[in-house]
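Below is one structure, written out as structure tokens, with a few remarks after it.
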Number of protein chains: 2
Amino acid sequence: MPRRRRDAPRAVTIADVAREAGVSRATVSRAINDSDLVTAETKRTVEEAIARTGFVMNARGRALATGRAETVGVLVTEPLDELFDDPTYGRVLRGIAEGLTGSGFLPVIVQASSESERALALRSFERRSVDAVVHLTPYRGGDLLEALAGTGLPVVLCGQLVDSPYEGVFSTVYSDDVRGARLAAERLVADGRERVAAVLGPADNPATVDRRRGYAEVLGARLDEARTVHTGWDSTGGFSATAALLETHPDIDAILAGSDRIALGALAALRAAGRRVPDDVAVIGFDDHAIAANASPPLTTIAQPLVEEGQLAARLALEMIAGAAPRTEILPMRLIPRTTA
Amino acid sequence: MPRRRRDAPRAVTIADVAREAGVSRATVSRAINDSDLVTAETKRTVEEAIARTGFVMNARGRALATGRAETVGVLVTEPLDELFDDPTYGRVLRGIAEGLTGSGFLPVIVQASSESERALALRSFERRSVDAVVHLTPYRGGDLLEALAGTGLPVVLCGQLVDSPYEGVFSTVYSDDVRGARLAAERLVADGRERVAAVLGPADNPATVDRRRGYAEVLGARLDEARTVHTGWDSTGGFSATAALLETHPDIDAILAGSDRIALGALAALRAAGRRVPDDVAVIGFDDHAIAANASPPLTTIAQPLVEEGQLAARLALEMIAGAAPRTEILPMRLIPRTTA
DNA sequence: CCGGCAAATGAAACCGATTACATTCCGGAG
DNA sequence: CTCCGGAATGTAATCGGTTTCATTTGCCGG
């Protein structure tokens, strides 16, 4: 006989409930699962017995019998040093947890940074230790996505893929960078800004590409190619790029930043150059990072609905578990008006 | 017979491995679990069979047989609106995931904000659906902690409890606020600051109490009672409190802030009052929030080792699962020297 | 009053592992 | 040469549920 956990009192099982209710285990199971094969009468009897015995379903036994785990794996492959102080991860996670609340499914975090951890995670997925996978910040490198598809499990990608060949096999949730960028640009147009500059993140980043497109669509000639520069995501990049820009194009009256940290660098450069914000130059960031609200002056920025992203990812996962076809949802970003634009 | 998941190919079980290896299921199980009852020879045979069949252990079957779930529940009760944009949650979570990596245990997030969710979570814990619980930001209200103790499960509290009656029953991990505060204070002393002010968070907060004590121990008369004020955690509180303080005590040459956001407010107030930082007034924050590095000037602050906290919590949980007695670990904070002090 | 059919229930197989207990197969002591 | 003991393995019970299949029960029409 298996060794029981130390001092664990013998648990109440359906057998106990069955005895108490004077029916068989099968009937108890059916009553619990709302089968239409049991009388309302019997169901009530069983429910009373459950209440009297304090029975709580053992998830493992059920999982074993049904082949379902009642869990959703949250696969995180993000390199640990990146985005370290970014609340993104936590917010999406919270959204997922919220989205699963009440479904009976629980989120299981599977962190797989190294190649070996990834292989391990995949093998456990293959073995159906989770009923679905929500993959955060999907990562094209290696053959992870292909392997994920190979498991046959429902998979929800949280975050955008450049040109996904996985339409129809994975569900996807992401925020509409193009639309978000348009919102920022429209704000500047409404404000009468004429000579706009863009200080963007790395040129090969998919988010950068989309944001740039959104800016261009709205601003047209107001955003000169020569006033569009790429730099790193952090504030030092934003600072130096802006400083250089102010040298070559001293007449700019607005800056669209590729991230809030870039925007902070831009603000510093503007202050150093003696420009007033927003009087002389407007600035709009991206992400609604914690630093945006606390910047001086407080930064107008574009917010990604991260919690909603997580919630929706969870719901899509549940849908697919229930048999629905994969689908893609694009969430709208919001302009958070503060002081800088 | 239970309905199998759609299109799920029949899984490889130990029975298949046993057939392939020409031994019994029991022997396979023993080989897998490194029992010393199997010959090295047999073990090798089994391992080859495993490799050939591509067998992966079914965690649920094992969990059912052993009574262990191979999971650690991460209980989050934090009210959702608080600390919303704080990376704390995510970092600790990541630490936990890292700390569990390689142990075979997986973290399961159990979010229980409402009373009913809390009850549900507890019932599932009681049923041994997890092997241990790591409780984030423990919360004295209600009888949650008592109920947690009642489950008999190993519990690790992550974060400090004011005056815990649970010594010896829960393990606890938290950062040493007193020591952190001393670090900040010592920095000011070394810098020759003589008239120090403290703009702290709510007076009844345990962290505030500890930090205040740490400041007082080091600074003595340098930190006048009259220059110690309490306010809310955010920057507006920091701003107004600092502004008021500058009115009544214009001669202060350093400010110890109860949080980074308070510190940011203080910086703004100092700038408004025409004081230079750090030349006229030094400022030290607390938490190493993302905004600290991005402040202007970059904020010197005290960092909590959040990831390490999570890692340690995970390790303590594993220890207790293995039968170790609960213990308390207090992690050292670090001074992050930047520009403001 | 009886046969037949459907609804409700019970009995038992099963999910995939672990482990107590039984069995086999050694070698070595007497 | 026999017997004993321990090591290695096999057999089967078990964990806590679900589900198939068989059985019982109740109701109806003929």
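Per chain, numbering begins at 1; letters A, B, ... match sequence-line order. FYI, side chains are in, hydrogens and waters are out, and symmetry mates aren't considered; it's all heavy atoms of this structure.
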Point to revise | Criterion side chain to side chain donor-acceptor pair (under 3.5 Å) on B:Glu309 and B:Ser175, from CA distance to verdict | key: CA-CA 8 Å; B:Glu309 238 178 81; B:Ser175 300; 2.5 Å; yes
Review point. A:Thr45 and A:Thr42: side chain to side chain donor-acceptor pair (under 3.5 Å), yes or no, with the steps?
Key: CA-CA 5 Å; A:Thr45 313; A:Thr42 312; 5.6 Å; no
Practice item. Begin with the C-alpha distance, continue with both residues' side-chain angles, and end with the deciding distance and a verdict on side-chain contact (heavy atoms from CB on, under 4.5 Å) for A:Val307 and A:Gln311. Key: CA-CA 6 Å; A:Val307 176; A:Gln311 289 176 339; 4.1 Å; yes
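Remark: C1' of D:dG17 and CG of A:Asp16 are 13 Å apart, rounded to the nearest angstrom. Per the geometry, CG belonging to B:Asn33 stands 17 Å off P belonging to C:dG16, to the nearest Å. The distance between atom CZ of A:Arg68 and atom P of D:dT19, rounded to the nearest whole Å, is 10 Å. Per the geometry, CD1 belonging to B:Ile32 stands 11 Å off C1' belonging to C:dG16, to the nearest Å. To the nearest angstrom, P of C:dC14 lies 18 Å from CG of B:Asn58. We find that NZ of B:Lys43 is positioned 16 Å from P of D:dA7, with the value rounded to whole Å. Atom P of nucleotide C:dG16 and atom CG of A:Leu64 are separated by 7 Å, given to the nearest angstrom. As rounded to whole Å, 14 Å separates atom P of D:dT18 from atom CZ of A:Arg60.
Between A:Phe125 and A:Val110, some side-chain heavy-atom pair lies under the 4.5 Å cut-off.
The structure places CG of B:Leu148 at 6.5 Å from CG of B:Leu75, a figure rounded to the nearest 0.5 Å.
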Report all interatomic pairs (protein N or O, nucleotide N or O of nucleotides 8-10 of chain D) with separations under 3.5 Å.
residue	atom	partner	partner atom	Å
D:dA8	O3'	B:Thr39	OG1	3.1
D:dT9	OP1	B:Thr39	OG1	3.3
D:dT9	OP1	B:Thr42	OG1	2.3
D:dT9	OP2	B:Thr39	N	3.2
D:dT9	OP2	B:Thr39	OG1	3.2
D:dT9	OP2	B:Thr42	OG1	3.2
D:dG10	OP2	B:Ser24	N	2.8
D:dG10	OP2	B:Ser24	OG	2.9
D:dG10	OP2	B:Thr27	OG1	2.5
D:dG10	N7	B:Arg30	NH2	2.8
D:dG10	O6	B:Arg30	NH1	3.4
D:dG10	O6	B:Arg30	NH2	3.4

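Side-chain atoms of B:Thr13 come within 3.5 Å of backbone N or O of B:Ala15 as a donor-acceptor pair.
Using a 4.0 Å cut-off, some side-chain N or O of B:Arg62 falls inside it from OP1 or OP2 of C:dT18.
Nucleic acid contact class of A:Val56 (heavy atoms, under 4.0 Å, all strands): sugar-phosphate only.
Comparing C:dT18, D:dG16, D:dT18 by their nearest atom to the side chain of B:Thr66 picks out C:dT18.
With sequence neighbours left out, the side-chain contact (heavy atoms from CB on, under 4.5 Å) criterion links B:Ala51 to no other residue.
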